[in-house]
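Computed from a predicted model, the values in this text were never measured in an experiment.
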Amino acid sequence: MRRALRKFTAAIAGALILGMAAGNPGMTLKVSAAEVQSEMTAMTGNAAAESAIAAQSTDTVGLADNQEALAEYLVQLQAVIEQQTAALDAAEEEEERASLASQTRSSSWKGSVLNRYNGVNAGPSGKETYYNLNMNKIVAAMKKLGVNSEYWVRDDGVKMYGDYIMCAADLSVYPRGSIVETSLGTGIVCDTGAFVKKGGITLDIATAW
């Protein structure tokens, strides 16, 4: 979406430059809301967002007679596009978070899934268990490593760090920050524990169970 908006801005600027190069002193560029929305919808398929952009980017600019107005118009158009891009990005992030929040299993794993009742599960990376501890120190350790994300809890009680399920593992096998597949979804190794000395357990998954 952002690429399409920039492409549209470049097209408008290119048209204005060509008009000035043609040397037509009386030439004006008329941009109607319908034309702007039609062009944007053709490139992005998002009529609602393009309508908002079109409503704020209509004008008539005298190319040769008023260069200051032309420059101001381009600045305003860029500002509108950046504003709409930020709004679209925020909406997409919210939609992705909602999808993650409602997830209950890995979309690529066809086997059994770890839950609060079975306690142990054979997942895509090996044997899985779960634990429930305060994650403040673990989150702080991840941030100290430069892995900066938000800690939150999924609707099913699985603890998340950004887009990933928080897992404990043998750090000699999976260093902190390693991405691993679990039966509940894609995880990130954030922690370790005494279970690694016993052997047999590959991942201990952080939950609120």
Side-chain angles (χ1 to χ4, degrees), residues 1-5 43-49 52 83-209:
M1 179 64 191
R2 187 184 292 106
R3 184 178 300 175
L5 289 170
M43 284 190 289
T44 68
N46 190 328
Q83 182 183 37
Q84 293 299 321
T85 300
L88 286 167
D89 286 347
E92 288 174 1
E93 288 178 6
E94 185 176 348
E95 184 177 347
E96 289 174 1
R97 176 57 62 86
S99 178
L100 276 175
S102 62
Q103 184 179 1
T104 57
R105 62 172 300 140
S106 167
S107 60
S108 60
W109 173 244
K110 304 305 180 184
S112 58
V113 177
L114 181 70
N115 60 63
R116 70 179 70 201
Y117 305 109
N118 61 17
V120 179
N121 183 67
S125 297
K127 186 182 290 185
E128 304 170 341
T129 55
Y130 68 84
Y131 71 107
N132 183 9
L133 294 175
N134 185 296
M135 307 304 286
N136 289 344
K137 290 183 178 180
I138 298 168
V139 169
M142 291 297 287
K143 290 185 182 297
K144 189 175 181 180
L145 287 174
V147 185
N148 295 303
S149 291
E150 178 190 0
Y151 166 68
W152 58 289
V153 181
R154 219 164 62 176
D155 292 347
D156 63 353
V158 173
K159 296 181 179 181
M160 306 289 290
Y161 194 60
D163 294 341
Y164 301 102
I165 296 168
M166 300 180 78
C167 303
D170 183 342
L171 299 183
S172 67
V173 179
Y174 297 107
R176 281 189 175 87
S178 297
I179 303 301
V180 293
E181 291 304 321
T182 82
S183 63
L184 291 162
T186 303
I188 184 169
V189 176
C190 304
D191 193 13
T192 190
F195 69 90
V196 301
K197 297 179 181 179
K198 300 177 182 179
I201 298 173
T202 303
L203 297 174
D204 204 12
I205 296 174
T207 71
W209 304 334

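Evaluation of the side-chain hydrogen bond (donor to acceptor under 3.5 Å, both in side chains) test over residues 196-209, restricted to residues two or more places apart or in two chains, returns T129-D204. Counting only residues at least two apart or in different chains, side-chain hydrogen bond (donor to acceptor under 3.5 Å, both in side chains) contacts with residues 159-170 comprise N132-K159, D170-S172.
Here the side chain of R176 pairs no donor or acceptor atom with the backbone of V189 at under 3.5 angstrom. Checked by atom type and distance alone, the side chain of K144 never pairs as donor or acceptor with a backbone atom of V139 at under 3.5 Å. Using a distance-only test at 3.5 Å, with no hydrogens or angles considered, a donor-acceptor pair links the side chain of R154 to the main chain of Q103. A donor-acceptor pair under 3.5 Å is formed between the side chain of R105 and the backbone N or O of G111.
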Worked check of side-chain hydrogen bond (donor to acceptor under 3.5 Å, both in side chains) between E128 and S183: CA-CA 8 Å; E128 304 170 341; S183 63; 2.7 Å; yes
Test side-chain contact (heavy atoms from CB on, under 4.5 Å) applied to I179 and T186, step by step: CA-CA 7 Å; I179 303 301; T186 303; 3.4 Å; yes
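Closest non-hydrogen pair, K143 versus S149, comes out as NZ-O, 2.9 Å. Among all heavy-atom pairs drawn from W152 and G162, the shortest one is NE1-O, 2.7 Å.
Between L203 atom CG and F195 atom CZ the span is 7.5 Å, to the nearest 0.5 Å. One distance of note links OG1 of T182 with CE of M166; it measures 13.5 Å at 0.5 Å rounding. In this structure, L184 CG and I165 CD1 are separated by 5.0 Å, a value rounded to the nearest 0.5 Å. Here the straight-line distance linking atom NZ of K137 with atom CG of D191 works out to 11.5 Å at 0.5 Å rounding. Here OH of Y174 is found 10.0 Å from SG of C167. Values are rounded to the nearest 0.5 Å.
For the residue pair S112 and N121, a side-chain donor N or O sits within less than 3.5 Å of a side-chain acceptor on the partner.
The side chain to side chain contact (heavy atoms under 4.5 Å, CB included) with T192 is formed by just one residue from the set L171, V173, I138; it is L171.
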